[in-house]
Amino acid sequence: MEEAKERILELRKLLEEYNYEYYVLDNPTVDDSVFDTLMQELMRLEAENPDMYSATSPSQRVGGVVVEEFNKIVHKRSMLSLANAFNEDDLRDFDRKIREVVKQDKITYMCEMKIDGLGMALLYQNGDLQYAATRGDGVTGEDVTTNVITIKTIPSHINESRELEIRGEVYMSKKTLAALNEEREANKEPVFANARNAAAGSIRQLDSSIAAKRNLEAFWYYFVNASDFGIRYHSKALETADSLGFRTNPERRLVHGIDEVIDYINEYTEKRSSLDYDIDGIVIKVDDMSLYDILGYTAKTPRWAIAYKFPPEEVQTKLLDITYTVGRTGKITPNAVLSPVRVAGSLVQRATLHNEDFVTGKGLRVGDDIILRKAGDVIPEVVRTIPNPNNTGEPFKMITNCPVCGSELVKVDAIHYCMNPHCEARKIEQIIHFSSRDAMDIDGMGERVVEQFFNQGFIRSIPDIYKLSRYREDIIALDGWQSKSIDNLLSAIENSKKNSLERLLFGLGIKEVGGKMSKTLARKYVNLTNLQNATEEELLTIPDVGPVLVDSLTSYFGDLTNISMLEELRELGLNTEYLGSLSVQGDTPFSGKTVVLTGGLSSYGRKEATEILESLGAKVTTSVSKATDIVIAGQDAGSKLDKAQALNIRIMDEEEFLSYIK
C-alpha cells in the first residue's frame, strides 16, 4: 500500500514536469506514448487507492467532476480593478502624480498585455494548489478549481512550501474559438460571440469534462505576496513565477519613463491583431513594489497601476434597412439592420438609431455604407455615414403609424409615441420591465421567455405572470423547457411576491417614476393604498416631485384599468407594503440638506451610503454646486472636493459621517 502511494506521488510529479515542458516551454522531452502510459498507470493506482484522491492530480486534467454549484471563497486580499486611461494625456497625468508622490524624475514601469479573459486567483500551500477562485465582486469569488485544473499549463504542485498567491487571466485563443464555433455550428448550437464569453462560460460549467474539452489557457501576471519572499520588483516577481512553472506573457516589457510607455502602446496597437488572443488594452505598473504602499489605493483601484484602453474599433458595413421597435411607454425607436460585421469580438447585425433627429442628423439612408463601433466596447453605435452617390434609395422618412397596432403616432419633443394602451408590443415590454432585475427581479423571465409566453397565450398581462403555474405542463412540452427549469421560474415568481413596495412601483412602469422616486414614494407613503389616495397638494410637498410627475401619478391611479390590475395583484398575494427602514423622524444633521458623495468610502458602497443619507432626510446629488450643503469626501475625492473647497462648502470626512449615522 505504501509503495502504491509513493508511486502515485512520483507519477504526479513526473507528469506535472512533462506537462510544463510540453505546454509552457513547448519543448517536450518524452514521446506522447510515454506520457500516456504513465497517465494510465496513475489513473489505475488512484482508482485502487481512493484515499489518495486529489482534485489537483494530473489525472483530473481530463475533467469528469460534476458539482451542483460553486462554493464561495473570500479572497485573502481583495482583487481590485484598475483605473482606466484612454489617451496620452491620461497616461501623462498618471505618471505625473506618481513622480510627485515619490519625488523621482523618471519611473520604471512594466508594460503588459491586458488579456480579455476571466480574472482568476490561485492559492498554493505546502506546494499544492488549494483552490482557484474567480474575481467575483473583488471580495468574494467562486471556487472553480475542478474546471481550472483542466488547463494543462497550470501547475497543481510547485516547488515552494510557503503560501503563495498568484493572479492572472484565463482565456481562449482565437484559434480555439474558431474551431469551437465551427463545431457548435455543425451541431446547430448557438456560437460564442467572443473569446471572453467562451472562456467565462467554460469556467462556469458544472461538469468539468466540458471545460476540459474547451482547451482554455492562462497567463499569470501578479505574484500577490511576492514581498513575503523578499522580492522588491514586479519584474523579478514575474521571473520567479516563471521559474516556479507559471506561464507568464512574453510580450511584457520593462520601460523607463512615460515616453517609453507610450512607444510600447503605439507598437502593440499595431501588433494587436497579430496576437492569437484578444487584448483590450495595455496594463502599466510601477515596477518597484516598495512604492506601492506609499502611492496607496483608492476604494477600488491601486494608484500604482493603470489600464490603457484601446480606442473603440471602428468598422465599415452597409445599412440594409431601418426597422422600428415599440417600448413599454409606447416610445418608437428606429433601428439599423446592418450587413453582418464583427466588431470588438462579436458579430453585429443591428444597432439602435435612437430617434428621428439622430437619423436625419447623421444623414443616414438605406443602401449607404456606415461606420460602426461599440460604445464602451459593448453597445453597437453608428458613428457616421459614407454617402453613396449611386444610391437611388429614398431619403429617410419617419413612420407616422405604430408598426404593431397601426395607431397614429404622437411626437413629443424628439420622440414619437404609440399612445394605444392595448398595443401588444407595449404589453410585452411592460411585462419584461416588470420582471427585470431592478423591478420585481424574476430570475428567468427575460425578454425571449416573455415573448415566447406572450405569443403562446400563457401571459397577456402583468397579473398573468402569477398564474403561470396553470400552464406548467404546456411549457414543459415546448422546446428547451424541462421540469427543473419551469419549477425554478415558478419559484422565482412566487418569491417576487415578497418584494418591498418600491420594486412593485418601479415595475409598474408609471411614467416619470424611476427607481429612486419609487423608493422615495414607498418610504413616504408606506403602502400602496396611501399612495393611491395621496392628493396633488400633498405630493407636491415631496422633494423632487413636480407637476409633471404629479400629473403622471394622478393619471395612472385615476385609470380604472390600472386600479383593477392593482387589486388583482393584491388578491394574487403580492406585498404592497414598504419593507425598508423608514426615514428618521425629527431633525438630523442631514435633514433637508443637499449632499454630494465623492471618493471611496471604506465602510459603505455608494448606493448604500446614498440610501442611508436619504433615510436621514438628505437629498443626494452627483455634482457640486452653490446649492450643495455638504460634501462627504472619501479616499481619492478628486475634483469635486476641490470645487467644494473653492465654494466654501462644508466638507465631512468618512469618520465624521460615520459618527453621525451611528
Side-chain angles (χ1 to χ4, degrees), residues 2-49 51-65 120-132 144-171 173 176 208-209 211-223 226 229 231 236-250 252:
E2 287 302 317
E3 288 182 5
K5 290 183 178 180
E6 288 179 9
R7 179 58 176 166
I8 287 172
L9 295 175
E10 180 185 6
L11 287 169
R12 286 176 180 170
K13 185 177 179 181
L14 266 177
L15 291 168
E16 281 292 338
E17 290 175 3
Y18 295 153
N19 260 327
Y20 176 69
E21 291 169 351
Y22 187 93
Y23 291 104
V24 180
L25 300 181
D26 195 22
N27 184 30
T29 58
V30 296
D31 292 337
D32 289 352
S33 58
V34 174
F35 184 92
D36 292 341
T37 299
L38 294 175
M39 179 64 78
Q40 291 299 318
E41 182 185 357
L42 174 62
M43 293 173 71
R44 176 180 59 79
L45 288 172
E46 286 179 338
E48 293 171 357
N49 297 270
D51 58 317
M52 288 292 289
Y53 168 79
S54 170
T56 58
S57 169
S59 63
Q60 299 303 311
R61 301 278 191 197
V62 297
V65 177
M120 194 68 58
L122 305 180
L123 184 75
Y124 292 81
Q125 290 175 344
N126 297 317
D128 292 323
L129 176 63
Q130 301 301 303
Y131 64 71
V144 289
T145 310
T146 54
N147 287 337
V148 169
I149 198 61
T150 67
I151 302 172
K152 297 179 176 65
T153 58
I154 294 178
S156 59
H157 182 86
I158 58 175
N159 189 26
E160 174 56 65
S161 60
R162 289 170 288 183
E163 180 176 283
L164 180 150
E165 183 177 357
I166 194 162
R167 291 174 182 171
E169 204 85 5
V170 171
Y171 71 94
S173 71
T176 298
S208 64
S209 64
K213 293 174 185 175
R214 298 280 172 84
N215 295 319
L216 296 174
E217 300 178 54
F219 282 125
W220 304 98
Y221 53 69
Y222 184 34
F223 186 165
F229 292 71
I231 299 172
K236 178 63 178 176
L238 292 178
E239 291 172 7
T240 304
D242 278 330
S243 68
L244 289 169
F246 295 101
R247 182 170 175 257
T248 62
N249 195 305
R252 68 180 184 267

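Note that the numbering runs from 1 along the sequence shown for the chain.
Looking at Glu17 and Arg12, no side-chain N of the basic residue comes within less than 4.0 Å of a carboxylate O on the acidic one, giving no salt bridge. For the pair Lys5 and Asp51, the salt-bridge criterion is met [side-chain N within less than 4.0 Å of a carboxylate O].
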* Report the C-alpha distance between Val148 and Thr150 in whole Å, list the side-chain angles of each, state the deciding distance to 0.1 Å, and finish with yes or no for side chain to side chain contact (heavy atoms under 4.5 Å, CB included). => CA-CA 5 Å; Val148 169; Thr150 67; over 6 Å; no
* To do: Dump the intermediate steps for side chain to side chain contact (heavy atoms under 4.5 Å, CB included) on Val144 and Met120, then the final yes or no.
  => CA-CA 9 Å; Val144 289; Met120 194 68 58; 3.7 Å; yes
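In this structure, the ring-ring contact (aromatic ring centres under 6.0 Å, His included) partners of Tyr124, at least two apart in sequence or on a different chain, are Phe246. Listed by chain and residue number, Phe223, Ala226, Ile231, Met289 satisfy the side chain to side chain contact (heavy atoms under 4.5 Å, CB included) test with Ala237 (two or more places apart in sequence, or in another chain). When the side-chain hydrogen bond (donor to acceptor under 3.5 Å, both in side chains) test is applied to Gln130, no partner is found at least two apart in sequence or on another chain. For the side-chain hydrogen bond (donor to acceptor under 3.5 Å, both in side chains) test, no residue two or more places apart in sequence or in another chain qualifies with Gln40. Partners of Ser173 under the side-chain hydrogen bond (donor to acceptor under 3.5 Å, both in side chains) rule, at least two apart in sequence or in another chain, are Thr176. With sequence neighbours left out, the salt bridge (Lys or Arg N to Asp or Glu O under 4.0 Å) criterion links Asp128 to no other residue. A search for side chain to side chain contact (heavy atoms under 4.5 Å, CB included) contacts involving Arg7 returns Glu10, Leu11, Leu38, Glu41, Leu45, not counting sequence neighbours. Residues passing the ring-ring contact (aromatic ring centres under 6.0 Å, His included) test with Tyr221, sequence neighbours excluded: none. A search for side-chain hydrogen bond (donor to acceptor under 3.5 Å, both in side chains) contacts involving Arg214 returns Ser202, not counting sequence neighbours. Residues passing the salt bridge (Lys or Arg N to Asp or Glu O under 4.0 Å) test with Glu165, sequence neighbours excluded: Arg77, Arg167. Residues passing the side chain to side chain contact (heavy atoms under 4.5 Å, CB included) test with Asn249, sequence neighbours excluded: Met113, Ile115, Phe219, Glu251, Tyr277. Glu239 pairs by the salt bridge (Lys or Arg N to Asp or Glu O under 4.0 Å) definition with nothing, not counting sequence neighbours.
Separation of atoms CD1 (Ile158) and CG (Leu164) is listed at 4.5 Å; rounding is to 0.5 Å. In this structure, Ile149 CD1 and Ile154 CD1 are separated by 7.0 Å, a value rounded to the nearest 0.5 Å. From Arg162, atom CZ reaches atom CD of Gln125 across 14.0 Å, with rounding to the nearest 0.5 Å. Annotation: the span from Lys236 atom NZ to Ser243 atom OG amounts to 7.5 Å, rounded to 0.5 Å. The structure places CD of Glu48 at 8.5 Å from CD1 of Ile8, a figure rounded to the nearest 0.5 Å. The CD1 atom of Ile151 sits 10.0 Å away from the OH atom of Tyr171 when rounded to the nearest 0.5 Å.
Thr145 and Ala132 get closest at one heavy-atom pair: OG1-N, 2.9 Å.
Residues Met52 and Leu9 have side chains in contact (heavy-atom distance under 4.5 Å, counting atoms from C-beta outward). Within the 4.5 Å cutoff, no side-chain heavy atoms of Glu217 are placed close to those of Val170.
Distance alone, capped at 3.5 Å, places no donor-acceptor pair between the Thr248 side chain and the Leu238 backbone.
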